[in-house]
Amino acid sequence: MVELSAAPYPFPFEADRAALVIIDMQRDFLEPGGFGAALGNDVSRLGGVVAPLRRLLLAARAAGLFVIHTREGHRPDLSDLPAAKRRRGRGPLAIGDAGPMGRILVHGEPGHDIVPELAPEPGEPVVDKPGKGAFFATDLDLILRNQGVEQLIICGVTTEVCVNTTAREANDRGYDCLVLSDCTGSYFPEFHDQALRMIQAQNGVVGWVGHSDALVAALAASVVHIQRRAAS
Ligand code: C5J
């Protein structure tokens, strides 16, 4: 166990029962012409997350940490899209409409892909989710429990929507969650800050908030430990 610097108090990181969960780092949220832009957001605000998250992802892979990715999206026939979700955005393009990166938030379309810098590798499950929380209507919990995971390192976008919803869902299911401030992002800086404050408030009512520097250092030091568990 390694104590990682975090708020409201150090996070007791145990690499062999932890997973890195990367939420919705999709072109539809990060690039012009996607869902985020259709809602009127300045998507350039999310770009700063990619480099620190890529550094962490490479460190996690090198150390043998379990990595899992999520994507928000819907079936091509939109049968898993609640009418209310489709109506709500009220932008020029709704979910399922054709945009510059294909149909908005639809499985298999270019915009639904994870950005190339963070593309999943073989052996890293990708969970497709129709909602904001990664546990809703998915097999994420089953996959994590089958791997013996009890701690989640949560990263991705956006801090106050899918990251926060997933952290809350995980917390209610008994996982310890560490959310990394530099590896999560929002179109609204003030929402990012407040969302992180909400997680750590009241002595960690939802979990912990940390920085990737501490985790990358811990992963570099724990290579042998994680590999030993995988080999046993
Ligand atoms: C949103 C997400 N913001 N991944 N999705 O609609 O946070």
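All ligand and atom numbering here is 1-based and tracks the order in the structure. As the structure is a computational prediction, the values presented were derived from the model and not from experiment.
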Student: Using a strict 4.0 Å cut-off to heavy atoms of Asp24, name the atoms of ligand 1 that fall inside it.
Tutor: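 Heavy-atom distances to Asp24 below 4.0 Å select 2 (C), 4 (N).
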Student: Output yes when the distance from some N or O of ligand 1 to some N or O of Lys129 is under 3.5 Å, and no in every other case.
Tutor: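 By distance alone, the answer is no.
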Student: So among Val67, Asp139, Ile68, which one has a side-chain contact (heavy atoms from CB on, under 4.5 Å) with Pro125?
Tutor: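 Among Val67, Asp139, Ile68, the one meeting side-chain contact (heavy atoms from CB on, under 4.5 Å) with Pro125 is Ile68.
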Student: For the residue pair Trp208 and Tyr9, does the interplanar ring angle fall in the parallel (under 30°), tilted (30 to 60°) or perpendicular (over 60°) class?
Tutor: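 Rings of Trp208 and Tyr9: perpendicular, over 60°.
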Student: Report the part of Ile23 in contact with ligand 1, treating N, CA, C, O as backbone and CB onward as side chain, heavy atoms under 4.0 Å; options are side chain, backbone, both, neither.
Tutor: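 Neither part.
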Student: By number and element, which atoms of ligand 1 are closer than 4.0 Å to a non-hydrogen atom of Val161?
Tutor: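 Reading through ligand 1 atom by atom, the close ones are 1 (C), 3 (N), 7 (O).
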Student: Does this structure show an ion pair linking Arg103 with Glu109, if we count only N-O contacts that are shorter than 4.0 Å?
Tutor: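 Not counted as a salt bridge, because no side-chain N and carboxylate O are separated by less than 4.0 Å.
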Student: Show which atoms of ligand 1 fall inside a sub-4.0 Å distance from at least one heavy-atom site of Glu72.
Tutor: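 Those of ligand 1 that fall under 4.0 Å from Glu72 are 1 (C), 2 (C), 4 (N), 5 (N), 6 (O).
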Student: Run the numbers on Asp128 and Arg75 for salt bridge (charged side-chain N to carboxylate O under 4.0 Å, His left out), then give the verdict.
Tutor: CA-CA 10 Å; Asp128 282 318; Arg75 296 167 180 253; over 6 Å; no
Student: Taking distance alone, with N or O pairs closer than 3.5 Å, would you say Cys162 contacts ligand 1?
Tutor: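 Yes, there is a polar N/O contact under 3.5 Å.
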Student: For the pair Phe35 and Phe29, name the ring-plane relationship: parallel under 30°, tilted 30 to 60°, perpendicular over 60°.
Tutor: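 Answer is perpendicular, since the angle exceeds 60°.
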Student: Test your reading of the structure: does Val157 have an N or O sitting under 3.5 Å from an N or O of ligand 1?
Tutor: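 Yes; the residue has a nitrogen or oxygen that sits under 3.5 Å from a nitrogen or oxygen of the ligand.
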Student: Ignoring hydrogens, what is the shortest heavy-atom contact between Asp213 and Arg55? Give both atom names and the distance.
Tutor: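 Minimum heavy-atom contact is OD1-NH2, 2.6 Å.
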Student: What residue and heavy atom of the protein are closest to atom 6 (O) of ligand 1, and at what distance?
Tutor: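 Answer, as residue, atom name and distance: Lys132 NZ, 2.7 Å.
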Student: Among Arg71, His69, Met25, which residue meets the side-chain contact (heavy atoms from CB on, under 4.5 Å) test with Pro120?
Tutor: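 Result for side-chain contact (heavy atoms from CB on, under 4.5 Å) with Pro120: His69.
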Student: Quick one: nearest non-hydrogen protein atom to atom 7 (O) of ligand 1, plus distance?
Tutor: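 Minimum-distance protein heavy atom for atom 7 (O) of ligand 1 reads Thr158 N, 2.9 Å.
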